[in-house]
Amino acid sequence: MREYLLTLCVTAAVTYLLTGPVRKFAIVAGAMPEIRARDVHREPTPRLGGIAMFFGLCAGLLVADHLTNLSEVFESSNEPRALLSGAALIWLIGVLDDKFEIDALIKLGGQMIAAGVMVVQGLTILWIPVPGVGNVALTQWQGTLLTVALVVITINAVNFVDGLDGLAAGTVCIAAAAFFMYAYRIWYSYGIEAAAPATLFAAILMGMCLGFLPHNMHPARIFMGDSGSMLIGLVLAAGAISVTGQVDPDAMRLFSGSERNTVHQMVPVYIPLLMPLTIIAIPAADLILAIVRRTWRGQSPFAADRGHLHHRLLEIGHSHSRAVLIMYFFSALIAFGALAFSVNAASMWIVLGVVFLSAIGLVLLLLPRFTPRAPRWAEHFVPPRYRRRKAAAEAGPAVAADEVEDERVPVAAGVSGVNGATAVGPRSRAR
């Protein structure tokens, strides 16, 4: 565990320290697109944050290769090298897109090629555990198609959710934390070495996100851009692919007792099928809804709009920071809920806990519709928006201006700013 934590800290430190210089480089290089009508931010903000994240990934892999226990992962498996090759390719495509705006179909082709590069080097799904059937071996073509599909879906899901300051990095960090705990338990508790690469990938991914978040929280000073969102999406998919189909039920010694107990004990075997879906549940839901919404209107699935989940949270009255925190909450609820089921699927307390937290999440979603009013004796100690209408009216036009949301007026490119969020879709080329 100490070596994983060291790798995480080194990755986070390198990413954090390099993000500042990368921001200055992005400004000089002109990677600051103009504000579009669908954007949430008000001022042009530099992109290319994925450059710092990629070097953080390289630093994490380099440190892990020189540690006593983690070096065995590089000796017994080619998966870290496969990840680095695919990550370098997808990162390069993202950098070019952040600067020159690549066509969406070309990006999709690059994503498939990056997934194919990882498959050629051994990072692929070999078999899948099916409840009631057991392990089903996949042919080479079946494994390749399933791997490429999982990589492409995960990359685009993360890319779609990257619409508010700190949203994509925080959501992926939460998912990586849940996946790290799951993979570490499979590796350490059951002694299955095949789960070690996935554990390493999750630790490095957490470091990349944690190192970038201080620069990306609202108001953001830099965006990760496609070079960052596609990169962390690929690393997230690589961890899921690495552990899916690698868990041997016989090695876990789960077949004991009655048939009912065996079904409950076999849950950790089937979790690899569900965990890749749960850790991207929110981004995947946003992706599916966006495709349905756009095709229903007769538009291209790649056409950008303001109908994403985070946009809807802003429309119903949530502030920027609260919308991000709500997305964090539901991502953590789904990911750690699946993790809890993998530990003890028979516990009713887990079900009750998930239901209770879901109810809290629904209440949080409805909060903007109910504006609390402070008692008269406390009106001088709370912001004007929480005072009674009479008191607000007496306060004059300043209060009214405080209650009215500021209109977002686009600012021409070339003006330095710190606000913003990355919106998915074609971007105006910076002048």
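The analysis underlying the following values was restricted to heavy atoms, covering all of them including side chains, and did not include hydrogens, waters or symmetry mates.
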A.B. asks: Where is the tightest heavy-atom contact between L150 and T154, given as atom of each residue plus distance?
C.D. replies: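 Nearest pair, atom of L150 first, then T154: O-OG1, 2.7 Å.
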A.B. asks: Could you please spell out the steps behind the side-chain contact (heavy atoms from CB on, under 4.5 Å) verdict for I51 and W91?
C.D. replies: CA-CA 8 Å; I51 296 178; W91 169 75; 4.0 Å; yes
A.B. asks: Is the shortest side-chain heavy-atom distance between M118 and V151 below 4.5 Å?
C.D. replies: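 Heavy-atom side-chain distance check passes, below 4.5 Å.
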A.B. asks: For a quick test of your reading: what N or O donor-acceptor pairs under 3.5 Å do the side chains of residues 6-19 make, sequence neighbours left out?
C.D. replies:
{"residue": "T7", "atom": "OG1", "partner": "E3", "partner atom": "O", "Å": "2.9"}
{"residue": "T11", "atom": "OG1", "partner": "T7", "partner atom": "O", "Å": "2.8"}
{"residue": "T15", "atom": "OG1", "partner": "T11", "partner atom": "O", "Å": "2.8"}
{"residue": "T19", "atom": "OG1", "partner": "T15", "partner atom": "O", "Å": "2.5"}

A.B. asks: Check for a donor-acceptor pair, side chain of D226 on one end and backbone N or O of D98 on the other, with a separation under 3.5 Å.
C.D. replies: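 No, D226 side chain to D98 backbone: no donor-acceptor pair under 3.5 Å.
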A.B. asks: Got a sec, which residues hit ring pair (Phe, Tyr, Trp, His ring centres under 6.0 Å) with F180, two or more places apart in sequence or on another chain?
C.D. replies: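 Counting only residues at least two positions away or on another chain, F180 forms a ring pair (Phe, Tyr, Trp, His ring centres under 6.0 Å) with Y4, Y184.
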A.B. asks: First locate atom CG of L205, then atom CG of L210, and finally report the distance between them rounded to the nearest 0.5 Å.
C.D. replies: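 Going from the CG atom of L205 to the CG atom of L210 covers 9.5 Å.
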A.B. asks: For the residue pair F336 and A177, what are the closest heavy atoms and their distance?
C.D. replies: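 Closest heavy-atom pair between F336 and A177: CZ-CB, 4.2 Å.
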A.B. asks: When you measure from the side chain of N156 to the backbone N and O of V152, does any donor-acceptor pair fall under 3.5 Å?
C.D. replies: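 Looks like yes, one N/O pair under 3.5 Å.
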A.B. asks: Measure the shortest side-chain to side-chain distance between L236 and I232 over non-hydrogen atoms and say whether it is less than 4.5 angstrom.
C.D. replies: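 Heavy-atom side-chain distance check fails, nothing below 4.5 Å.
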A.B. asks: Quick one: closest heavy-atom pair of F74 and P80, and the distance?
C.D. replies: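 Shortest heavy-atom separation between F74 and P80 comes out as CE2-CB, 3.5 Å.
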A.B. asks: Do R23 and R221 have side-chain heavy atoms sitting under 4.5 Å apart?
C.D. replies: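 Side chain of R23 against side chain of R221, heavy atoms only: contact under 4.5 Å found.
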A.B. asks: For atom CZ of F329, decide whether the heavy atoms of other residues, nucleotides or ligands shown that lie under 6.0 angstrom number more than 12.
C.D. replies: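 Correct, the count exceeds 12.
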A.B. asks: Once you round to the nearest 0.5 Å, how far does CG of L231 lie from CE of M208?
C.D. replies: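 Rounded to the nearest 0.5 Å, the CG-CE separation comes to 4.0 Å.
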A.B. asks: Which atoms form the tightest heavy-atom contact between C173 and M206, and what is the distance?
C.D. replies: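 Closest approach of C173 to M206, heavy atoms only: O-CG, 4.0 Å.
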A.B. asks: Tell me if a side-chain donor or acceptor on T171 pairs with a main-chain N or O of A168 at a distance below 3.5 Å.
C.D. replies: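 Here the side-chain-to-backbone pair does not exist.
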A.B. asks: Let me confirm one number: the CD-CE distance from Q111 to M230, rounded to the nearest 0.5 Å.
C.D. replies: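 So the CD of Q111 and the CE of M230 are separated by 5.5 Å.
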A.B. asks: Between atom CG of D97 and atom CD1 of I93, what is the distance when rounded to the nearest 0.5 Å?
C.D. replies: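 Reported to 0.5 Å precision, the distance equals 9.5 Å.
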A.B. asks: With rounding to the nearest 0.5 angstrom, report the CG to CG distance, L108 to D103.
C.D. replies: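 The CG atom of D103 is 10.0 Å from CG of L108, to the nearest 0.5 Å.
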A.B. asks: Looking only at side-chain N and O atoms, does E193 offer a donor or acceptor that is under 3.5 Å from a partner on S76?
C.D. replies: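 S76 vs E193: no donor-acceptor pair found between side chains.
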A.B. asks: Which heavy atom of M217 sits nearest to which heavy atom of G166, and what is that distance?
C.D. replies: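 Distance-wise, the nearest heavy atoms are SD-CA, 4.1 Å.
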A.B. asks: Closest approach of F54 and A88, non-hydrogen atoms and distance?
C.D. replies: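 Here F54 and A88 meet closest at CE1-CA, 3.6 Å.
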A.B. asks: side-chain contact (heavy atoms from CB on, under 4.5 Å), that's the test. Do I360 and L357 meet it? Break it down for me.
C.D. replies: CA-CA 5 Å; I360 294 179; L357 292 175; 4.2 Å; yes
A.B. asks: At what distance, to the nearest 0.5 angstrom, does CG of L138 lie from OG1 of T144?
C.D. replies: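 The CG atom of L138 sits 9.5 Å away from the OG1 atom of T144.
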